[in-house]
Amino acid sequence: MSDSPVLVHHGEVEIAHEHPHLPYQRHHFETMAQQNDATNFAMWLFLLTEIMFFGGLFTAYLIYRNWYYPAFVAGSHQLNVIWGGINTLVLITSSFTMAMGVWCAETRRQSQLVLCLVLTFILGLGFLGIKTIEYKEKIEKHHVPGFHYSLQSFLNPDSDKEAKAAGDKPMALDMARHTEVYFSLYFAMTGMHALHMIIGIGILGFMILRARAGGYTTGHITFVENFGLYWHFVDIVWIFLFPLLYLISRHAQ
Amino acid sequence: MSHISPIIWQFLVKWMTNFPLFPPEASTIAPQMDALYFFMVLVSLIGLTLVILLVTSFSILYSKKRHPVAVQIEGSTLLEATWTIIPLGLFLVMFVWGALIYFRVYTPPANAMNIYVVGKQWMWKAEHPGGQHEINALHVPVGRAVQLTLISQDVFHSFSIPAFRVKREAIPGRYTTVWFEATMPGTYHLFCTQYCGTDHSHMVGDVVVMTPEDFKKWLSSSTSGASLAQNGERLFASLSCAACHNARPDARGPSLANVYGSRLSLSSGGTVLADDAYLRESILNPSQHITQGYAPIMPTYQGQVSEEGVIALVEYIKNLNSDYRVQQTTNTTDMLPQSEGKAAVAGQNSAGQNAAAQKSAGQKPAGQGMVKP
Amino acid sequence: MSTDTIVSLPDQSTARIPKVNFLNKENGLLSWLLTGDHKRIAILYLISITFFFFIGGALAGLIRLELLTPQSDLMATDTYNKVFTMHGVIMIFFFLVPSVPATLGNFLIPLMLGAKDLALPKVNLLSWYLYMAGGILALYTMITGGVDTGWTFTTPLSTHYVNTNVLTTGLAVFVAGFSSIFTGLNFIVTIHKMRAPGMTWFRMPLFVWAHYAASILMVLGTPVLAIAIVLVALERTIGIGVFDPTKGGDPLLFQHLFWFYSHPAVYIMILPGMGVISETISTFSRKRVFGYTAVAFSSVAIAVFGFFVWAHHMFIMGISNYSMLVFSLLTMLVAVPSAIKIFNWAFTLYKGSITFETPMLYTFGFMGLFTIGGLTGVFLGTSGTDIHLTETYFIVAHFHFVMVGGMLMAFLAGIHFWWPKMTGRMYPEKISQLAAVVTFIGFNLTFFPQFILGTLGMPRRYASYPPEFQILNVFSTAGATILGVGYLLPVLYLTWSLKYGAIAGNNPWQATGLEWQTQSPPLTENFLVTPIMDHEAYDYEWLDGQKQKEVASVG
Amino acid sequence: MSQHHEPVEARMNDHDSQGNLEEHEHHIVSPVVYLIIFAALLVGTALTVFASYLELGILNPILAIAIAVVKATLVVLFFMHVKYSSKLTKLTVGAGMFTFLILIGMTLSDYISRAWGRW
Ligand code: HEA
Ligand code: HEA
Ligand code: CUA
Ligand SMILES: [Cu+2]
């Protein structure tokens, strides 16, 4: 309570009264466990913001799907279930390898950790690769909203491979126009998802380098764990996107 | 007062004589709304006084001088419950009362005369059924329920007549309605209250409330020759709607006679009430609701008809309804000078109109629950 | 009055500014710009939000000048629209949302919890940089042509019908939004994980509870604003049609998303202020807050219910009758916890020992003005009267009463209250009391006439108006001038006090919070030894005990 | 950062010594569990695709969402360790889901009830 405190070096107090700081413990935490707990919790809170971020998109999707169901069906028929399905598998697998990566880090298996991360990295890239192929198809067919959007596939399904295969009937012009809303949401949702993937892959690359240098096999693995949470979250988003976007009324043929 | 400079003096006089503190009550709904408003003002004043009283009296009684040592008190569940429950109760009263008024304002009575209003940046266009157009003005008779059907052709606008205590958003792509019954002849402010861009503050006009006689005069002096329904009929022909909607047995589209206000069954199951909004949708987005028994062949007219055009078409289709014609007849057309009184209505609906008029005068169109209070 | 004040306590006369504190620990601009210390970041925020407040205030001055006459003669309608838009954007996103949390919250939460710092110091610094990036971007848009959508970015106006800097402004708000998310996230983690031993949830100061509640709103609400802005940007650039009625989109959907954030945002804007009031009212009546748990839980209740009422901003905009009923009813429910707080504070005074320093004056201002603002909010939440009052000056008056009369008053109360802690020096009491009174008078003169204007039907966002509204507008403008003076004063005398203010000592107010039990200004690591909390919050008996001990040990 | 010279025990001790915090055991989930979940997710994916080709009427979207919810729950519980985490984490996840549902539910309720007309 005095006005001019005796200066005690902060670290000394700590060492004298408590336990040694590990090098990766930030100065303001009392214990390593507290730090891990805090960062883990922070990551979860961050994921909450992500949930709400995607929540806006899902709301929009549900409204318009309700309003313009035929347009959504026809739009969905333009997507390739095979590619979408493969991508789902790719992403689930990457989630699995990521989970295994966390396990390797927990059990301090450096080389397996690197392997897992590299696999995750490759699978992530694979996902984006397939997405690129799909996007390319859409671009070629002028199904990108705003960019010379073409209604050909919906007004005249016989001229279109996918629409024909799905047995679509020609649509009235006004409903056909609403496929643009479907594709807007398709691109907005998968685009946001892909953006998250790209960020994730970037961080993965960094993590692989650090893991090779032995960075995460000393017991301090919060970074890997937290990244794992992020990666699984991105996976979950896709788990919903896949049926919502690709699998609307496939049976209608 | 002579020492005040004459200019300032003039200003003061001008201000003091022109210094309203409360808007005129010029509609039937206004006193009802004000009753609630003053109830809330009263509750607020009591609440505020209570807070001020508590704070000042405690501040005086327990200032440090008078009361040097504070007495620590935990709290009191009883007191806290009191000031939870009493405001809650009062707020709930306001909620119920408010909701009742809300429904009253937005539920037009069955016999209301309908005027269409189109908002655009930055003007109001009113379309009377008799074909009278107005810009940034609205002429209505006193003592008659007037329903406005609003739509915007670009952004959100909001049609506000403070003296009537009514206001309704004009939404792009959708009809909304509001109604009022003016009680005092006079000229009142009409504002656009939803921010709509550069000249939002110039999207203002006058609502002129006239005695029925004056209104009749005004109607006849400002008619454009053709009624709204006649315009609609012309459009109906030029857009070749009649190619399908011609009431012939082999017609590709359903007959539109007596459609308005009826319940239609849809091919998707379910039924829908054919109100103004539905008619509009049917013209612009016909495949949204396919009537049972018909193929989705009707082309969309989006981009081919303006909002005013759609309004004319809607009015025309309404006029194919014997009911509606009766209603309109009792409302507006009888105010017109005899010669123009009967807007000639062509089309399929040929059955004796006058007979129908007599018979169904008391009948109200479906979906409009409120009777004039 | 000054004989009554707490400040003249014995330890004042002997107090000195501690040789080492967080302000002088390191020197140089870089040591500030790269700091992880929550207290320094709080100071950075304080300087920057003050800057933005005065920009926003200058714009308010322009608004009021234009409205002095019925015609739009000072500026074109277009310019006027840009001015009030920027006023709203800056005041909301760059001043009021970060005002109390990012300055006082940042500074005090770790101190109050007995922690050394926020849980994520780097993220905290990142928040400030995001805030600055957003702010500078907003200023840039203002200089390069401005934006005229109103702070609500109403579609389809913002997406298709205006030709101004909607995208850059949107980006500015988006970035500032992330700053707010990170601040909130940081607070939540800190409050959960960094409490000192013995600091249980129900021993935390109510200030911390209020920030906890506000943080929940920041974390869960702000991302929805972010996605709404992203969709507006996409709509504007490529025309995706989600908000475009001609393509089948629903412009009202934007309103839903926007207000899903922006209604909770108004509670982001008020809750931290309510936290401040709990502290000041207890300290200056020397009494524990009446019904601690009720006040704590009402904060959380406001936060939770705050998520359920957003559509009351859309009553006449085309939501269904069913929604109107639900949202109006829930609005009534969310108003109740605020009433609880007001009365609990009032009863805190009961049998207290009250002094009237500046923070307390602002606190009284808060209680009166927030009550008026809140009750008029109930007018708007009542669907029937909302029809008449919506989009008029009644709303403008409502939200200035809660935001300026409420939060800004609370902010000033807090700044004065903790100024000694932050700088080690007292502000000059007399002139600051004067400033508080001037602000109160100016405020009422500015905004009370607007209630009448609104009832008369004067629409908001109007550059020109019918002449019969002039007299009330003149009052309002006159009031704004007084108000401007009232706000300029604190800047001047607080700056003055940095050098010439009386030395404060550790605990000039004899307040109970942990933050007062360390030196002023505090050390970088806040406490020499981690404090152990062994008493309730606002335990004045404990404080007396401490003083006794101290006297004993000195003597 | 240098890592290798830190004794393993340091971490462990540290871990045990936290007294006042909400304690949670750091549970290491076995790879077998991961494998099972992985398999379940694959099956789930196959099931969604399969189900979407059946004619189930209104049940089609419901089933699709239900399967997705189950899959997501598995990921959250096991891959993201929530099953083994503190109550706080569970609460956090719950709060997120709750607000998400409020956003979607209350917005949709407006759109659905608009079709009821004026009543
Ligand atoms: C700090 C910001 C803040 C706060 C705290 C509030 C608080 C409230 N607001 Fe306000 N509001 C805004 C900021 C805020 N608002 C803004 C910025 C807008 C306009 C946005 C725009 O369009 O630009 C707005 C608009 C707005 C509207 C929309 C109007 C419209 O667009 O038509 C509504 C409608 O319900 C509303 C309601 C309320 C209610 C019910 C509260 C309640 O939380 C208030 C609760 C408080 C009390 C009720 C007072 C205390 C009570 C007592 C002391 C009890 C008294 C005793 C008795 C009754 C016996 N507000
Ligand atoms: C925190 C939020 C906040 C704050 C503090 C303020 C502060 C003030 N506001 Fe603002 N206001 C909003 C938030 C806020 N406002 C919002 C969100 C809107 C809606 C925008 C929209 O519609 O989109 C709005 C709109 C708004 C309007 C309505 C515009 C319209 O609808 O046409 C008006 C009109 O009087 C107004 C006035 C004022 C005044 C006089 C102050 C005063 O309190 C300000 C006092 C401060 C100063 C004056 C600065 C200090 C002094 C100087 C810098 C010296 C120079 C002074 C002069 C030249 C006078 N504001
Ligand atoms: Cu139209 Cu404002
Ligand atoms: Cu609100």
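Here the structure is a predicted model, which is why all the values come from computation and not from measurement. Chain naming here is simple, since letters A, B, ... match the order of the sequence lines and numbering starts at 1 in each.
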Let me see the working for His160(C) and Val155(B) under side chain to side chain contact (heavy atoms under 4.5 Å, CB included), right down to the final yes or no. CA-CA 9 Å; His160(C) 293 85; Val155(B) 302; over 6 Å; no
Carefully, step by step, assess Glu468(C) and His189(B) under the rule side chain to side chain contact (heavy atoms under 4.5 Å, CB included). CA-CA 11 Å; Glu468(C) 72 258 31; His189(B) 284 299; 2.8 Å; yes
I would like to know whether Val55(B) and Trp345(C) meet side chain to side chain contact (heavy atoms under 4.5 Å, CB included); could you show each step before the answer? CA-CA 9 Å; Val55(B) 170; Trp345(C) 288 325; over 6 Å; no
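Contact annotation for Thr149(C): only backbone heavy atoms (N, CA, C, O) come within less than 4.5 Å of a heavy atom of chain B. Contacts between Ile342(C) and chain B at a heavy-atom distance below 4.5 Å involve the side chain alone, from C-beta outward. Using a 4.5 Å cut-off between heavy atoms, Leu453(C) does not touch chain B at all.
Counting heavy atoms from C-beta outward, Tyr350(C) and Val71(B) have side chains that stay 4.5 Å or more apart.
Ring centroids of Phe84(C) and Tyr195(B) are separated by less than 6.0 Å, placing the two rings close together.
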Going by atom type alone, with no hydrogens or angles, which donor-acceptor pairs under 3.5 Å involve a side-chain atom of residues 328-340 of chain C and a protein atom two or more places apart or on another chain?
from: Ser328(C); atom 1: OG; to: Gly381(C); atom 2: O; distance (Å): 2.8
from: Thr331(C); atom 1: OG1; to: His312(C); atom 2: ND1; distance (Å): 3.0
from: Thr331(C); atom 1: OG1; to: Phe327(C); atom 2: O; distance (Å): 2.6

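Between Lys351(C) atom NZ and Phe58(B) atom CZ the span is 10.0 Å, to the nearest 0.5 Å. Note that CD1 of Ile73(B) and NZ of Lys287(C) are 4.5 Å apart. Values are rounded to the nearest 0.5 Å. Between His67(B) atom NE2 and Ile354(C) atom CD1 the span is 9.0 Å, to the nearest 0.5 Å. Rounded to the nearest 0.5 angstrom, Tyr462(C) OH and His200(B) NE2 are separated by 5.0 Å. For the atom pair Leu349(C) CG and Ser63(B) OG, the distance stands at 11.5 Å (nearest 0.5 Å). Remark: His202(B) NE2 to Ser72(C) OG distance equals 4.0 Å, nearest 0.5 Å.
A donor-acceptor pair under 3.5 Å is formed between the side chain of Tyr102(B) and the backbone N or O of Phe315(C). A donor-acceptor pair under 3.5 Å is formed between the side chain of Arg174(B) and the backbone N or O of Gly318(C). In this structure a side-chain-to-backbone donor-acceptor pair under 3.5 Å is missing from Thr382(C) to Phe95(B). Proximity of a side-chain donor or acceptor of Gln72(B) to a complementary backbone N or O of Arg286(C) within less than 3.5 Å is detected. With Asn81(C) contributing its side chain and Thr198(B) its backbone, the two residues share a donor-acceptor pair below 3.5 Å. Between the Lys167(B) side chain and the His388(C) main chain, a donor and an acceptor come within less than 3.5 Å of each other.
Of residues 42-50 of chain B, those residues lying under 4.5 Å from chain C by any heavy-atom pair are Ser44(B), Leu48(B), Leu50(B).
Within 6.0 Å of OH on Tyr161(C) lie more than 12 heavy atoms contributed by other residues, nucleotides or ligands.
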